[in-house]
Amino acid sequence: MPTRTRYAPSPTGIPHVGNIRTALFSWLLARHDGGQFVLRLEDTDRTRFVPESVDGIIESLRWLGLDYDEGPDVGGPHAPYVQSQRLGRYRTAADRLLSQGDAYECWCSSQRLDALRAEQQRLKRPPGYDGRCRTPEGQRAARAEAQAEGRGSVVRFKTPDSGSVSLDDAIHGRLTFDLTTIDDFVVLKSDGYPTYHLAYIVDDEDMRITHVLRGDEWIPSVPRHMLVYGALGIEPPVIAHTPRILGPDGAKLSKRHGATSVFEYRDEGYLPDALVNFLALIGWSLDDKTDIISREQLVEHFSLSRVVKSPGVFNAEKLLWMNGVYIREMPPERFAAVAADWLDDRLPPSVARPVDRALVAKIAPLVQERIKLLSELPDYCDFLFRDDLVYSRDELLGKVFRDRPADAVAVLSETRNRIGALGDWTTEAIEAELRGQAEALSLKPGDLFSLVRVAVTGKRVSPPLFETIEALGRERSLARLDDAARALQA
RNA sequence: GGCGCCAUCGUCUAGAGGCCUAGGACGCCGCCCUUUCAAGGCGGAGAUCGCGGGUUCGAAUCCCGCUGGCGCUACCA
């Protein structure tokens with residue numbers, strides 16, 4: 001039987017890195033085993049449904065490279081892959097439970113249920129359905145009230161009053177639950193939609209899912225699920241409860257900890273491969289020393305047996321470091337292409353589009369080894385693509401020329417003349433000339449270079465100076481030296 | 001309150017009785033390299049393996065208890 005896993009998010013918002021990590025594990029497992037990965041939308045809660053989130057889910061998987069073999073937009077042999085389009089399947093299952101006596105119709109109002117719960121809490125008793133509709137008399141009375149008020153019924157699973165059920169979790173090992181504390185739970189809502197407890201089981205069975213991976217916040221629901229599997233005569237798939245991803249304070253990862261959606265990471269300039277690598281290592285490891293691991297290696301080595309049980313804190317600094325590693329490891333041509341696209345998107349509108357790809361190709365290797373985020377690109381090299389530099393007098397002069405601006409002007413003009421007279425406009429020639437000038441003026445090389453750097457780039461931090469000047473070209477470089485000198489005289 | 005899950009450096013983790021005077025990585029601190037910024041190299045600090053009992057010649061590793069953190073406790077997933 002081929003391994004089939006699925007990612008079954010409910011379309012209620014933008015994909016969260018926590019959910020995505022579970023999706024990643026599911027994808028890795030399917031790919032490792034040469035099986036299939038399925039996308040299914042669990043949209044049974046009409047009150048929380050956010051239509052746009054469907055595109056977000058699909059786009060986030062696409063961006064991360066987690067391709068699926070079957071899903072709402074690509075179809076497949078078990079279509080439809082959207083729960084709201086499969087209501088008949090759940091109705092059939094619920095009817096079977098009803099006819100078998102494993103479930104019953106419950107007509108209790110939500111007001112009664114709320115009041116019941118409040119009372120139970122007040123008495124410090126475990127909250128739970130009291131079973132009113134479980135008895136013919138109770139049910140008759142409740143139905144009469146409901147029909148008088150025009151309310152419908154739900155289908156409730158009849159949980160045994162005693163005994164226990166257990167699951168051999170692929171990550172946690174054997175989990176056993178005492179049924180005495182489990183109340184009768186709803187499997188079909190009054191609007192005809194199923195609850196998660198019924199829907200996922202029916203769908204996984206229909207779709208031949210062999211391995212279910214989900215967050216460990218689902219563990220408390222396991223006994224209910226085991227009961228449903230049993231009543232429906234379904235052999236449970238392998239079930240694995242994955243550890244959760246926490247924020248730095250140990251609480252659930254949320255917006256106040258920083259970015260939580262994969263799109264935020266994409267838009268900040270993280271690389272999908274870096275995020276995949278990082279996420280894979282929260283809760284899973286290859287060995288005692290591997291931290292940079294390719295997608296292919298991940299697929300080759302992934303195993304549920306190496307997934308840990310304990311929750312992991314999202315270490316944003318490590319992700320940042322890792323992204324830098326991935327940027328540096330990109331083939332230079334590829335980085336240049338990515339950089340050009342990024343600059344096209346992010347450079348100020350005043351810069352002509354599309355950006356000069358040849359220029360990008362020249363500067364890209366120099367910035368590639370200095371940035372950790374693609375979003376640092378514009379700051380690092382915008383000076384190459386615009387000529388409207390604004391000089392800060394303080395930055396231009398620095399500490400060295402602070403009290404002698406006239407000297408700085410003279411130095412700038414000499415630099416202009418020296419490199420203007422250069423025969424070869426090469427990095428080597430420019431460097432030799434500037435070093436010669438520094439020596440002639442008995443200036444520390446760094447002091448001269450800083451001044452020239454700000455003049456040419458407008459910043460104190462830039463890619464290496466000589467290469468930068470070469471890339472800028474003779475004409476533009478000379479003009480900037482002039483501009484900077486003028487700015488100091490103004 | 002009830003039920004449950006988890007527990008190794010600040011963080012991600014390695015560790016499945018002796019290989020551990022607990023390894024790697026991020027971060028942090030030095031030094032080196034250096035035209036800025038990075039990157040890189042070298043070195044360092046950092047965990048009495050939550051606590052207490054057992055079992056054993058020997059425990060981070062097995063058992064029990066405790067504590068702490070977290071989760072669930074909806075006609076949400």
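Convention: sequence-line order gives letters A, B, ...; per-chain numbering from 1. Here the structure is a predicted model, which is why all the values come from computation and not from measurement.
To the nearest angstrom, P of rC70(B) lies 21 Å from NE2 of H241(A). Between the P atom of rU34(B) and the CZ atom of R460(A) lies a distance of 21 Å, rounded to the nearest Å. In this structure, K124(A) atom NZ and rG2(B) atom P are separated by 9 Å, rounded to whole Å. Atom CG in D249(A) sits about 12 Å away from atom P in rU11(B), given to the nearest Å. Protein atom CG of D288(A) is 10 Å distant from nucleotide atom P of rA16(B), rounded to whole Å. Atom-to-atom, CD1 of I57(A) to P of rA77(B) comes out at 14 Å; the value is rounded to the nearest Å. For the pair Y104(A) OH and rC75(B) P, the interatomic distance rounds to 11 Å; values are reported in whole Å. Between the CE atom of M322(A) and the C1' atom of rU13(B) there is a distance of 11 Å, rounded to whole Å.
Backbone-only engagement by V313(A) is indicated by non-hydrogen atom pairs under 4.0 Å involving sugar-phosphate atoms exclusively. Residue E317(A) is classed as a sugar-phosphate contact, given heavy-atom separations below 4.0 Å to backbone atoms only. P445(A) comes within contact range of no nucleotide atom at all, as no heavy-atom separation falls under 4.0 Å. At the heavy-atom level, P463(A) lies under 4.0 Å from base atoms of the strands shown. Contacts of P11(A) with the nucleic acid, taken as non-hydrogen atoms under 4.0 Å apart, are absent. Looking at heavy-atom distances under 4.0 Å, R112(A) makes no contact with the nucleic acid at all. Heavy atoms of I219(A) sit under 4.0 angstrom from primed sugar atoms or phosphate atoms, though from no base atom. Within 4.0 Å of W284(A), counting heavy atoms only, lies no atom of the nucleic acid at all. Among the atoms of the strands shown, base atoms are found under 4.0 Å from some heavy atom of C108(A). V454(A) comes within contact range of no nucleotide atom at all, as no heavy-atom separation falls under 4.0 Å. Backbone-only contact: T44(A) has heavy atoms under 4.0 Å from sugar-phosphate atoms and none from a base. Heavy atoms of G283(A) sit under 4.0 angstrom from primed sugar atoms or phosphate atoms, though from no base atom. Note on F185(A): nothing from the nucleic acid sits closer than 4.0 angstrom, heavy atoms only. The residue P464(A) sits close to a base: some heavy atom pair falls under 4.0 Å.
Comparing the same atom, C1', in rC20(B) and in rU48(B) gives a spacing of 14 Å after rounding to whole Å. Taking atom C1' on both rC29(B) and rA45(B), the two are 7 Å apart, rounded to the nearest angstrom. For the P atoms, the distance linking rG50(B) with rA59(B) amounts to 15 Å, nearest Å. When the P atom is compared between rG10(B) and rU73(B), the two are found 33 Å apart, to the nearest whole Å. When the C1' atom is used for both rA25(B) and rG46(B), the distance is 14 Å, rounded to whole Å. Nucleotides rG53(B) and rA14(B) are separated by 28 Å at their P atoms, to the nearest Å. With both ends at atom C1', the span from rG18(B) to rG58(B) equals 7 Å, rounded to whole Å. Rounded to whole Å, the separation between the C1' atoms of rU13(B) and rU8(B) comes to 9 Å.
Taking the six-membered ring for Trp and the full ring otherwise, W284(A) and F25(A) have centroids separated by 6.0 Å or more. Aromatic ring centres of Y193(A) and Y90(A): separated by at least 6.0 Å.
Distances shorter than 4.0 Å separate some side-chain N or O of K372(A) from OP1 or OP2 on rA39(B). A close approach under 4.0 Å does not occur between any side-chain nitrogen or oxygen of S10(A) and OP1 or OP2 of rC76(B). Proximity of R125(A) to the phosphate of rG2(B): no side-chain N or O atom is located under 4.0 Å from OP1 or OP2. OP1 or OP2 of rU13(B) has not a single side-chain nitrogen or oxygen of K318(A) nearer than 4.0 Å. Between S221(A) and the phosphate of rC72(B), there is no side-chain N or O to OP1/OP2 separation shorter than 4.0 Å. An OP1 or OP2 oxygen of rG40(B) is reached within less than 4.0 angstrom by a side-chain nitrogen or oxygen of R328(A). For rA77(B), one of the phosphate oxygens OP1 or OP2 lies less than 4.0 angstrom from a side-chain nitrogen or oxygen of K189(A).
A donor and an acceptor atom sit less than 3.5 Å apart, one in the side chain of S190(A) and one in the base of rC75(B). The base of rC37(B) is paired with the side chain of Y380(A) by a donor and an acceptor separated by under 3.5 Å.
Pairs passing the ring pair (Phe, Tyr, Trp, His ring centres under 6.0 Å) check and including a residue from residues 142-192 of chain A, sequence neighbours excluded, read F157(A)-F185(A), F185(A)-H197(A).
Comparing rU35(B), rC75(B), rC5(B) by their closest approach to the side chain of L175(A) singles out rC5(B). Listed nucleotides rU36(B), rC6(B), rA77(B) differ in distance to R453(A); the shortest reach to its side chain belongs to rU36(B). With distances taken from any side-chain atom of R435(A) to the nucleotides rC6(B), rA77(B), rU35(B), the minimum falls on rU35(B). When the nucleotides rU36(B), rC75(B), rA25(B) are ranked by their closest atom to the side chain of W321(A), rA25(B) comes out on top.
Base pairing of rC28(B) is made with rG44(B), judged by Watson-Crick or G-U wobble geometry with both donor-acceptor distances under 3.5 Å. Base pairing annotation: rU35(B) forms no Watson-Crick or G-U wobble pair, as no partner gives both donor-acceptor distances under 3.5 Å. Partner assigned to rC6(B) is rG68(B), using Watson-Crick or G-U wobble distances below 3.5 angstrom. The partner of rA22(B) cannot be assigned: no Watson-Crick or G-U wobble pair with both contacts below 3.5 Å exists in any strand.
Defined by atom type and a distance below 3.5 Å, a donor-acceptor pair is missing between the side-chain atoms of D178(A) and S164(A).
Between the R21(A) side chain and the P243(A) main chain, a donor and an acceptor come within less than 3.5 Å of each other.
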Exercise for review: Determine, stepwise, if the pair R174(A) / D168(A) fulfils salt bridge (Lys or Arg N to Asp or Glu O under 4.0 Å).
Suggested key: CA-CA 4 Å; R174(A) 195 171 187 82; D168(A) 286 307; 3.0 Å; yes

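Ion pairing of R224(A) with D184(A) is absent here, as no side-chain N (NZ or NE/NH1/NH2) approaches a carboxylate O to less than 4.0 Å. Salt bridge E369(A)/R328(A): absent, no basic N to carboxylate O contact under 4.0 Å.
In this structure, R96(A) places its CZ atom where more than 12 heavy-atom neighbours from other residues, nucleotides or ligands lie under 6.0 Å away.
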